[in-house]
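Here is the structure we will look at, set down as structure tokens.
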Amino acid sequence: MRNAEVTVLGLGAMGTALAGAFLTAGHRTTVWNRTPGRAGGLTARGAMELPTAAEAVRASGLTVVCLADQEAVRQALAPLAEPLAGRTLVNLTSGSPIDARQSAGWAEQHGVHYLDGVLLTTPAGVGNPDFLQLYGGDRATFDAARDTLAALGDPVHVGTDTALPSVYDTALLGQMWGTLTGWLHGVALIGAEGPGGGVTATAYTEVADRWMTTVRAFMGQYAPQIDSGQYPGGEFTLHLHSSTMDILAHASELRGVQSGLPQLFRELTGRAIAAGHGEDSYARLVEFIKVGGPA
Ligand code: FVH
């Protein structure tokens with residue numbers, strides 16, 4: 001839907017990028033910022049800056065709020081219940097699942113259609129469909145806003161629970177840190193002096209990037225095992241994982257690499273094998289990661 005009306009509350013680094021992406025997509029964009037004077041580049045591109053948040057909200061059917069934190073959102077939204085009533089509010093401010101539920105409760109109380117969302121990118125990536133943006137809330141509300149939100153990237157509805165995007169955000173960041181730490185361990189290991197060492201990070205990463213295809217294949221194979229609770233080990237059992245982990249630990253020790261990862265891998269796998277699951281797949285370890293899993 002071209003030339004839709006959209007309002008952006010907050011012109012920090014992220015809010016400015018959001019408003020810019022809406023303008024690039026051809027949407028009539030209204031902006032407001034607590035401190036005036038932040039909209040110069042945007043008004044030069046056709047954005048309308050209004051002096052109060054209430055006037056800005058009234059200018060569009062869809063408002064996106066992206067402020068420093070959820071306390072700022074609460075402060076900014078408090079006087080906006082009446083102008084927001086019947087309109088759609090999308091909250092792209094970082095926060096906890098509890099924050100999301102509280103904002104959704106406030107919105108419902110005042111007849112505001114609400115979506116909570118996360119943008120898994122920095123301002124530079126806003127508008128790039130390769131970067132994830134996840135939304136939680138009423139599906140019809142999402143469908144109505146989807147074409148406008150598509151200006152920011154590729155919007156994905158993860159469910160009607162408004163707390164979901166926040167949990168996805170932190171889970172995916174945890175996956176990113178785990179993957180990057182494993183990659184850094186590999187860079188340090190193969191870059192260290194010694195037989196087969198001294199390889200540059202760039203050279204190693206050309207191979208490591210191709211290896212991620214295999215890692216993704218394992219994720220796709222293990223997800224249904226986790227959902228079913230059945231973990232057939234097939235050709236790669238925890239016993240085999242364990243023996244190859246010993247090689248990683250030994251090589252890391254010899255080369256002075258100290259990420260703590262070999263110890264973590266061996267501790268987790270050791271618990272599962274001690275509990276009798278040595279013939280199971282690596283996915284069995286989820287039972288030892290989950291809250292309340294076997295100690
Ligand atoms: N920047 C990033 O890379 C990350 C990417 C992922 C998402 N985060 C989250 O996005 C939210 C905004 O982040 P930001 O980088 O745009 O933040 P700032 O540049 O510091 O701008 C903050 C804006 O918030 C306004 N503000 C602060 N307090 C209030 C308040 N009480 N009432 C109204 N507005 C408020 C501030 O206004 P001003 O100081 O200019 O008057 C800015 O517009 C954030 O949740 C990140 O975690 C960014």
Side-chain angles (χ1 to χ4, degrees), residues 6-24 29-43 45 47-60 62-84 89-104 106-107 112 114-137 149 151-156 158 162-177 180:
V6 58
T7 290
V8 177
L9 301 182
L11 295 181
M14 211 59 193
T16 299
L18 299 176
F22 286 129
L23 288 169
T24 300
T29 304
T30 301
V31 297
W32 169 85
N33 193 60
R34 175 182 60 177
T35 304
R38 295 281 172 88
L42 296 165
T43 50
R45 292 182 56 201
M48 179 170 60
E49 182 181 20
L50 291 179
T52 70
E55 290 169 275
V57 162
R58 287 196 180 93
S60 309
L62 171 66
T63 289
V64 173
V65 58
C66 193
L67 305 180
D69 54 35
Q70 293 300 332
E71 180 49 36
V73 170
R74 281 187 283 273
Q75 288 177 19
L77 292 185
L80 300 180
E82 187 276 325
L84 274 170
L89 174 66
V90 180
N91 186 0
L92 292 180
T93 305
S94 296
S96 72
I98 293 168
D99 288 323
R101 286 271 175 81
Q102 284 174 346
S103 296
W106 177 90
V112 178
Y114 182 82
L115 294 174
D116 205 86
V118 290
L119 297 177
L120 288 160
T121 178
T122 59
V126 171
N128 182 335
D130 291 339
F131 289 107
L132 279 171
Q133 44 171 313
L134 310 177
Y135 296 91
L149 295 172
L152 308 179
D154 180 17
V156 176
V158 291
T162 52
L164 268 177
S166 168
V167 183
Y168 265 87
D169 186 25
T170 199
L172 292 170
L173 287 169
Q175 180 175 327
M176 176 190 76
W177 291 317
L180 288 177

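In this text the structure is predicted, and so the values were computed from the model without any measurement. Side chains are part of it too, since the values below use all heavy atoms of this structure and drop only hydrogens, waters and symmetry mates. First listed ligand is number 1; within each ligand, the first listed atom is number 1.
- Proximity of L80 to L9: side-chain heavy atoms (C-beta onward) are separated by under 4.5 Å at one or more points.
- When heavy-atom distances to ligand 1 are checked against a 4.0 Å cut-off, R34 comes that close through both its backbone and its side chain.
- Residue A68 approaches ligand 1 through these ligand atoms, each under 4.0 Å from one of its heavy atoms: 22 (C), 23 (C), 24 (O), 27 (C), 44 (C), 45 (O).
- The shortest N or O to N or O distance between N33 and ligand 1 is below 3.5 Å.
- Atoms OG and CG, on S166 and L134 in that order, are 11.0 Å from each other to the nearest 0.5 Å.
- Close contacts between ligand 1 and T121 involve ligand atoms 5 (C), 6 (C) [criterion: under 4.0 Å to a heavy atom].
- Taking every non-hydrogen atom of C66 and a distance limit under 4.0 Å, the qualifying atoms of ligand 1 come out as 10 (O), 11 (C), 12 (C).
- Contact check on R101 versus D116 returns no salt bridge, with no Lys/Arg side-chain nitrogen under 4.0 Å from an Asp/Glu carboxylate oxygen.
- Which parts of ligand 1 touch P123 is read off a 4.0 Å heavy-atom cut-off, strictly below it: atoms 1 (N), 2 (C), 3 (O).
- Under a 4.0 angstrom heavy-atom cut-off, T16 registers as lying outside contact with ligand 1.
- Neither the backbone nor the side chain of E71 comes within contact range of ligand 1; no heavy atom lies under 4.0 Å.
- Using a cutoff of 4.0 Å between basic side-chain nitrogens and carboxylate oxygens, R58 and E55 are not scored as salt-bridged.
- Annotation: side chain of L92 is in contact with side chain of L152 (closest heavy-atom distance under 4.5 Å).
- Of all the listed residues (D69, L67, L11), L67 holds the heavy atom that lies closest to atom 44 (C) of ligand 1.
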